[in-house]
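This report concerns only the one structure given below.
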Amino acid sequence: MSSFAGVSVVDGDKECSCETSAVHAGADSGYHLLMVRGYPRTQEGSSTGDSITTGIFNVGGHYWYIRYYPNGLTPDCADYVSLYVALVYDNDDAERGLAVEAKFSFSLVDHVEKQNPMYICEASKTCTFSGSATSWGCDRFMRRDAIERSSDLKGGCFTVRCDIMVVCQDSKTEDAGRTLSGIHHHFNNLLQTKVGADVTFEVSGERFAAHRCVLAARSKVFMAQLFGPMKEGTTTSTVIQIKDMEAKVFRALLIFIYTDVFPLPLREEHRMGEDEMSVVMEEAKEAEAVQDEMRLQCLQHLFVAADRYDLQRLKFICEQQLSEHIGVTSVMSTLALAEQHHCQGLKEACFKFIQVQSPSCLQTVMSTNGWDRVYTTYPSVFKEFIANLALNQRK
């Protein structure tokens with residue numbers, strides 16, 4: 001169980017100021033809260049690359065702090081908030097070559113009291129914090145305009161939770177027995193090696209071996225399909241056909257079922273030392289746009305698959321991701337998905353996005369295939385859409 005490791009408060013009225021309630025978690029797993037007040041004033045007067053540093057907190061016997069970049073770390077992520085967690089690394093640590101392996105995640109929580117994660121960005125692998133790379137993080141935690149539209153921004157305040165799990169430390173100086181459970185790695189190995197697999201699925205011509213008990217434990221739909229009265233795949237020679245789904249989407253679904261880790265990259269995670277912070281990665285905009293479109297389509301399909309197999313946590317994460325990635329070319333298709341799969345929060349996010357668009361952007365919205373789908377399939381939603389346009393005009 002994660003231990004509380006304090007809270008830092010960043011106030012928009014106080015430039016780069018921070019108040020910290022320091023708590024020593026001590027345990028191998030702990031979390032720190034970063035409360036940002038007066039948003040968006042915290043981003044005013046600062047440039048890309050300018051950071052606000054939190055107070056120091058203790059997790060796993062080591063001291064850490066968070067860097068908060070209101071306008072992104074580099075120009076290519078200037079529309080985003082960037083977050084990095086850093087290890088306090090002194091000369092003594094350097095002399096003995098200390099290296100700390102840890103995993104981290106950043107979550108947007110609804111408010112400090114409940115601390116329910118609403119938006120999650122987590123490292124996909126264990127990171128090594130050392131003298132050559134004291135900090136790791138998320139360049140693109142969340143778009144700034146998405147924060148401003150988010151229901152989690154209450155009274156100009158939002159709260160980020162940073163979880164740190166120390167996996168192991170320098171084996172020469174620390175007891176290797178202080179490792180955390182790697183159950184998600186173990187189950188992922190089970191999926192990849194196919195040891196003991198007793199059911200096979202065929203999706204878009206590709207076959208996947210899996211374990212009936214694991215699937216049934218995670219999904220009520222799989223429970224009914226594999227162990228109910230109309231159960232399928234009772235013999236190892238039986239292949240269950242999955243219709244209306246791409247192979248890559250089913251693969252991502254299995255990864256989440258076995259590991260409980262979101263199977264698509266939430267954000268770019270870069271290993272950076274102090275000397276590398278100013279490096280700007282130039283990317284071709286056209287290639288990036290194509291990648292974003294492909295990722296959005298995959299995210300939409302995974303959202304549908306999560307609802308189909310009643311994986312509520314995966315569906316929730318997909319909903320949050322889709323809410324952040326709404327654009328003029330995708331808002332109507334996302335709105336149709338929200339209506340079809342009964343996601344009121346995602347539906348409201350689409351309407352909020354529509355309300356702030358210019359007439360030229362609205363023309364682009366109306367030229368998309370999603371517009372025709374909503375108009376013909378969901379007339380009640382189309383009426384709401386028109387009502388929101390009228391509301392925007394009155395403003």
Side-chain angles (χ1 to χ4, degrees), residues 1-2 28-29 101-105 117 120 122-128 163 165-168 171 175-266 269 295 298-318 321:
M1 181 178 179
S2 293
D28 288 338
S29 178
E101 293 187 3
K103 297 196 71 172
F104 69 88
S105 65
I120 301 173
E122 57 189 351
S124 58
K125 61 182 180 180
T126 301
C127 305
T128 302
D163 283 83
M165 296 170 287
V166 177
V167 177
C168 66
S171 59
D175 181 8
R178 297 181 66 211
T179 57
L180 296 178
S181 170
I183 188 169
H184 59 291
H185 292 302
H186 300 156
F187 272 85
N188 186 51
N189 289 336
L190 193 66
L191 174 64
Q192 301 303 327
T193 61
K194 304 179 180 62
V195 174
D198 55 3
V199 64
T200 301
F201 298 90
E202 184 169 319
V203 188
S204 299
E206 188 172 341
R207 292 194 174 189
F208 299 87
H211 305 78
R212 298 165 71 229
C213 288
V214 175
L215 301 180
R218 298 279 281 152
S219 164
K220 294 179 181 179
V221 176
F222 275 124
M223 174 67 81
Q225 183 180 19
L226 300 173
F227 292 99
M230 303 297 290
K231 58 186 176 182
E232 301 180 57
T234 55
T235 64
T236 55
S237 60
T238 304
V239 177
I240 299 177
Q241 301 290 330
I242 302 293
K243 306 293 185 182
D244 303 322
M245 187 180 298
E246 295 180 359
K248 63 181 179 181
V249 175
F250 190 74
R251 182 182 298 107
L253 190 78
L254 287 180
I255 290 173
F256 179 83
I257 287 174
Y258 276 75
T259 67
D260 204 42
V261 174
F262 188 67
L264 298 179
L266 287 170
E269 296 144 5
R295 186 184 182 282
C298 190
L299 186 60
Q300 290 177 335
H301 295 161
L302 187 59
F303 170 78
V304 173
D307 188 51
R308 175 174 174 176
Y309 287 99
D310 195 25
L311 296 168
Q312 292 302 312
R313 173 171 144 77
L314 178 59
K315 181 182 177 182
F316 175 78
I317 297 174
C318 289
Q321 284 281 290

- prompt: Is a side-chain N or O of H211 found less than 3.5 angstrom from the main chain of V195, in a donor-acceptor match?
  reply: yes
- prompt: Can you find a pair of side-chain heavy atoms, one from I257 and one from L314, that are under 4.5 Å apart?
  reply: no
field: D260 versus R218, closest heavy-atom pair with distance
entry: OD1-NH2, 3.0 Å
query: Taking NZ, NE, NH1 and NH2 as the nitrogens, is one of them in R308 or D244 under 4.0 Å from a carboxylate oxygen of the other?
result: no
message: Are the side chains of M165 and F104 in contact, using a 4.5 Å heavy-atom criterion?
response: no
- prompt: Strictly by modelled atom types, are Q225 and R212 linked by a side-chain donor-acceptor pair under 3.5 Å?
  reply: no
- prompt: Nearest heavy-atom pair of F256 and V261: which atoms, and what distance?
  reply: CD1-O, 3.5 Å
- prompt: Could you give the distance from CG (L190) to CD1 (I183), rounded to the nearest 0.5 Å?
  reply: 11.0 Å
- request: Show your working on side-chain contact (heavy atoms from CB on, under 4.5 Å) between L215 and L254 and close with a plain yes or no.
  value: CA-CA 8 Å; L215 301 180; L254 287 180; 3.8 Å; yes
- prompt: A209 and A197: which non-hydrogen atoms are nearest, and at how many Å?
  reply: CB-CB, 3.9 Å
query: Between L302 and L253, which heavy-atom pair has the shortest distance, and what is it?
result: CD1-N, 4.1 Å
message: As an exercise, state the distance from SG of C213 to CZ of F227, rounded to the nearest 0.5 Å.
response: 4.5 Å
message: Please evaluate residues R295 and Q300 with respect to the criterion side chain to side chain donor-acceptor pair (under 3.5 Å), reporting the C-alpha separation (whole Å), side-chain torsions for both, the decisive distance (0.1 Å), and the verdict.
response: CA-CA 9 Å; R295 186 184 182 282; Q300 290 177 335; over 6 Å; no
Note, E246 side chain near H301 side chain (heavy atom, < 4.5 Å): yes
A216 to M223 - nearest heavy-atom pair and separation: O-CE, 3.6 Å
message: Whether R313 engages the ring of F262 as a cation-pi pair (distance to the six-membered ring centre under 6.0 angstrom, angle to the ring normal within 45°) should be assessed.
response: no
message: Any carboxylate oxygen within less than 4.0 angstrom of a Lys/Arg side-chain nitrogen, looking at E206 and K248?
response: no
- prompt: Quick one: does C318's side chain get under 4.5 Å of L299's, heavy atoms only?
  reply: yes
message: For F201 and F222, take the angle between the two ring planes, folded into 0 to 90°, and tell me which bin it lands in: parallel under 30, tilted 30 to 60, perpendicular over 60.
response: perpendicular
Heavy-atom check, side chain of K103 versus side chain of D163, under 4.5 Å: no
field: T200 side chain to I240 backbone, donor-acceptor under 3.5 Å
entry: no
- line: Rounded to the nearest 0.5 angstrom, the OH-CG distance for Y258 and L191 is 5.5 Å
